[in-house]
Peer 1: 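Here it is: the structure, laid out below.
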Amino acid sequence: MGALDYLKEQLEELESQGLALHPRTLEREQAARTRFDGREVINLASNNYLGLAAHPRLKEAAANAALEFGAGTGAVRTIAGSMTMHRELERRFAEFKGSEDALMFQSGFTANSGTVAAVLTREDVIVSDELNHASIIDGARLSRAEIKVFPHKDAEAADRLLADATSTGRRLLITDGVFSMEGDIAPLPALVAVAERHGAIMMVDDAHASGVLGRGGRGTVDHFDLHGRVDVQVGTLSKAIGVLGGFIAGPSQLIEWLANRGRPYLFSTSAPPAVVAACLAALDVMRDEPERLDRLWDRTRFFKEGLHSLGFDTGASETPITPVITGDEEKTQELARRLFEEGVFAPVIVFPTVARGRARVRTIVTADHTEEDLREALDAFERVGRELGLQE
Ligand SMILES: *Cc1c(COP(=O)(O)O)cnc(C)c1O
């Protein structure tokens with residue numbers, strides 16, 4: 001008997017409930033059509049919205065940076081691991097987001113968790129959408145602030161929670177910009193008004209909105225024209241930007257505070273040159289090839305309309321993320337398995353990523369999918385959906 005044997009039983013339990021994860025293995029570049037587990041498939045699984053992950057200019061920038069500056073930085077940012085290019089990327093991001101300054105983190109996850117934990121204390125209150133990302137929830141827990149959760153997108157409920165907060169401490173109102181499993185957009189104008197009424201800090205996590213919403217992909221603040229009214233903007237460099245990392249954009253006192261008190265920033269080694277250079281190249285490509293964003297939305301509309309007319313339940317999605325909700329865990333596993341056999345990869349999303357009984361496959365269209373790819377994918381959805389009795 002080993003001390004960790006109980007985990008075996010728990011894993012068996014997950015397996016029997018259809019909740020165990022078995023990720024597929026990508027055998028080539030991330031692309032609209034690529035190979036997973038030995039099969040050529042139409043790939044509706046990635047966050048590679050703009051097709052930048054394997055863009056020639058990003059690859060070249062990464063390779064050149066590795067050759068010139070090395071494979072690693074050798075230190076955390078605050079000791080010896082801050083290179084000129086890190087600061088340049090931060091300046092470029094601040095400019096992109098229309099904020100005073102920005103700070104790069106190792107991931108979007110640590111940008112969220114590190115920032116929430118650094119800005120709030122146990123005297124404070126966090127008011128958070130029930131579907132906010134795990135990294136926000138972890139940051140909220142780390143801060144030790146009181147956490148109040150409001151029903152999804154319910155700005156009036158957020159208002160009441162802030163009004164009821166008896167604590168004399170600071171208040172943070174926090175939301176995802178685009179919800180990663182639903183594909184819907186936060187009611188940011190209403191939330192900003194609520195935050196302003198209560199003097200709360202307004203923070204938005206634009207992981208799935210950066211590169212996707214707003215002019216040139218500037219995110220939800222730009223999409224809703226709320227410049228200057230959102231205190232903290234979170235972004236990831238790992239999704240539409242195509243590489244790896246996270247960042248916080250905001251006023252300079254916030255950025256300076258995080259550079260002193262953001263624990264992931266302080267205690268984890270900085271991003272390697274290849275990563276930073278590729279992110280800079282991504283910003284260049286987004287500026288030079290704006291048609292990618294237009295194409296992303298064209299393809300999104302095409303695919304969504306297709307799924308709707310086939311009668312699938314796609315929830316409240318209004319972005320390139322379109323879930324196909326079956327509700328049932330095992331049925332979802334079967335749907336994903338059959339789609340894959342038919343040459344379409346769309347991943348299974350189950351508890352704890354979504355609530356029990358809200359199981360789904362999630363599709364994400366990218367700028368690099370052709371209409372032909374998407375027509376083929378819709379045909380597969382139609383065949384498999386009929387087989388499993390999923391269409392309304
Ligand atoms: C993916 C995601 C993150 C984490 O970003 P990474 O860069 O992958 O760590 C944070 N918030 C939301 C809403 C996300 O979807």
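Basis for what follows: all heavy atoms, side chains included, without hydrogens, waters or symmetry-related copies. Start at 1 and go down the list; that is how both ligands and their atoms are numbered.
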Peer 1: Output all residues satisfying ring pair (Phe, Tyr, Trp, His ring centres under 6.0 Å) with Phe109, sequence neighbours left out; order by chain, then residue number.
Peer 2: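 Listed in chain order: nothing, the list is empty.
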Peer 1: List the atom pairs, donor and acceptor, that lie under 3.5 Å between side-chain atoms in residues 242-258 and the rest of the protein, sequence neighbours left out.
Peer 2:
residue: Ser252; atom: OG; partner: Glu100; partner atom: OE1; Å: 2.7
residue: Trp257; atom: NE1; partner: Ala118; partner atom: O; Å: 2.9

Peer 1: Counting distance only, does the side-chain N/O of Ser317 pair as donor-acceptor with the main-chain N or O of Thr314 below 3.5 Å?
Peer 2: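 No.
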Peer 1: Between ligand 1 and the protein, find all N/O pairs closer than 3.5 Å and give the distance for each.
Peer 2:
residue: ligand 1; atom: 7 (O); partner: Gly108; partner atom: N; Å: 2.8
residue: ligand 1; atom: 7 (O); partner: Thr236; partner atom: OG1; Å: 2.5
residue: ligand 1; atom: 7 (O); partner: Ser238; partner atom: OG; Å: 2.6
residue: ligand 1; atom: 9 (O); partner: Gly108; partner atom: N; Å: 3.1
residue: ligand 1; atom: 9 (O); partner: Phe109; partner atom: N; Å: 2.9
residue: ligand 1; atom: 11 (N); partner: His133; partner atom: ND1; Å: 3.4
residue: ligand 1; atom: 11 (N); partner: Asp205; partner atom: OD2; Å: 2.5
residue: ligand 1; atom: 15 (O); partner: His208; partner atom: NE2; Å: 3.0
residue: ligand 1; atom: 15 (O); partner: Lys239; partner atom: NZ; Å: 2.6

Peer 1: Validate the cation-pi geometry between Arg358 and Phe351: distance from NZ or CZ to the six-membered ring centre under 6.0 Å, angle to the ring axis within 45°.
Peer 2: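 Output no; distance or angle outside limits.
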Peer 1: Classify the side-chain pair Glu182/His152 by whether it contains a donor and acceptor separated by less than 3.5 Å.
Peer 2: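 No pair is found: no donor N or O on one side chain lies under 3.5 Å from an acceptor on the other.
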Peer 1: Taking only residues two or more places apart in sequence or in another chain, which ones pass ring pair (Phe, Tyr, Trp, His ring centres under 6.0 Å) with Phe150?
Peer 2: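 Result, ring pair (Phe, Tyr, Trp, His ring centres under 6.0 Å) vs Phe150: none returned.
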